[in-house]
Amino acid sequence: MKQNLVHIALVVDDYDKAIQFYVDTLHFTLIEDTALSETKRWVLVAPPGSDGCRLLLAKAANDEQQSRVGNQTGGRVFLFLHTDNLQRDYDNLKAKGVTIVRAPHTEVYGKVMVFADLYGNLWDLIEPVV
C-alpha cells in the first residue's frame, strides 16, 4: 500500500488576503486558484521548490468555521516547514513584519524558530541537520 498526504486545509477569512501573505511574504507558489462558485474557490499554495503536500486555503463558510481561523490547533504549533537556510528566511520574515514567537535556536535535529502567520497559526521553521 502507498499513500500520500497531498493537501492540508487552512481555514482563512479571505482568499486574496491569504494568497497575498503566503505568496508575497512566505514566497510560496500559487499552484491553483479556481472559482468553484460565486463564493467558493479552490486555492492551493506550496513552499518554493516543494513537490509534496500543499496548503488548501479554505475560506470560512459559516460562524463555526470562522471561529477556527487562526486557532486550528488550540494554540499549538500547526505546521512544520523545512528550509535550506533558516537565517535567510528569518531575516525575510522579520523584514516583512511577521510575528516571531520564538527566535532561532539550535536543537538536536537542527535550527528552529516559531512564527505566526497572518491569522496567528503557529509554524515551526526548521533547517534540519544534514
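Positions are given from 1 along the sequence.
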* Same hydrophobic cluster for Leu79 and Val98, using side-chain heavy-atom links shorter than 4.5 Å among ILVMFWY? -> yes
* Asked: Do His7 and Leu55 come within less than 4.5 Å of each other through their side chains, counting heavy atoms only?
  -> no
* Asked: Is there a chain of hydrophobic side chains (I, L, V, M, F, W, Y, each step under 4.5 Å between heavy atoms) that links Val114 to Tyr22?
  -> no
* Asked: Cys53 and Ile8: which non-hydrogen atoms are nearest, and at how many Å?
  -> SG-CG1, 3.7 Å
* To do: Would you sort out whether Phe28 and Leu44 count as a side chain to side chain contact (heavy atoms under 4.5 Å, CB included), showing the intermediate values?
  => CA-CA 10 Å; Phe28 279 31; Leu44 291 173; over 6 Å; no
* Asked: Measuring from Met1:CE to Gln3:CD, what's the distance to the nearest 0.5 Å?
  -> 5.0 Å
Cut-off 3.5 Å, no hydrogens considered: what does the side-chain donor-acceptor table look like for residues 122-130, sequence neighbours left out?
| residue | atom | partner | partner atom | Å |
| --- | --- | --- | --- | --- |
| Trp123 | NE1 | Asp117 | OD2 | 3.4 |
| Glu127 | OE1 | Leu86 | N | 2.8 |

* To do: For Lys96, look at atom NZ and say whether over 12 heavy atoms of other residues, nucleotides or ligands are found less than 6.0 Å away.
  => yes
* Tell me, which pairs form a side-chain hydrogen bond (donor to acceptor under 3.5 Å, both in side chains) where one or both residues lie in residues 68-90, sequence neighbours left out? -> Thr83-Arg88, Thr83-Asp89, Asp84-Arg88, Gln87-Asp91
* Asked: Could you state the interatomic distance from NZ (Lys111) to NE2 (His105), rounded to the nearest 0.5 Å?
  -> 12.5 Å
* **Closest non-hydrogen atom pair between Pro48 and Thr29, with its separation** => CA-OG1, 4.3 Å
* Rounded to the nearest 0.5 Å, what separation is found between the CG atom of Leu30 and the CZ atom of Arg54? -> 10.5 Å
* Asked: Can you hop from Val112 to Val77 via hydrophobic side chains spaced under 4.5 Å?
  -> yes
* Structure fact -> Tyr15 and Lys40 have their tightest heavy-atom pair at OH-CA, 3.6 Å
* Arg41 side, atom CZ; Glu32 side, atom CD - distance, nearest 0.5 Å -> 11.5 Å
* Non-hydrogen atoms of Phe78 and Ala9 that approach each other most closely -> CZ-O, 4.2 Å
* Asked: Would Phe21 and Leu26 satisfy side chain to side chain contact (heavy atoms under 4.5 Å, CB included), going step by step from the backbone distance to the final call?
  -> CA-CA 7 Å; Phe21 177 80; Leu26 297 186; 3.7 Å; yes
Check: residues 57-64 side-chain donor-acceptor pairs under 3.5 Å, at least two apart:
| residue | atom | partner | partner atom | Å |
| --- | --- | --- | --- | --- |
| Asn62 | OD1 | Glu64 | N | 3.1 |
| Asn62 | OD1 | Gln65 | N | 2.8 |

* Structure fact -> Value for CG (Asn92) from NE2 (His27), rounded to nearest 0.5 Å, stands at 3.5 Å
* To do: Check the hydrophobic clustering (I, L, V, M, F, W, Y; side-chain heavy atoms under 4.5 Å; chains of links allowed) and say if Val23 and Phe115 are grouped together.
  => yes
* Transitive ILVMFWY side-chain link Leu56 to Leu36, under 4.5 Å -> yes
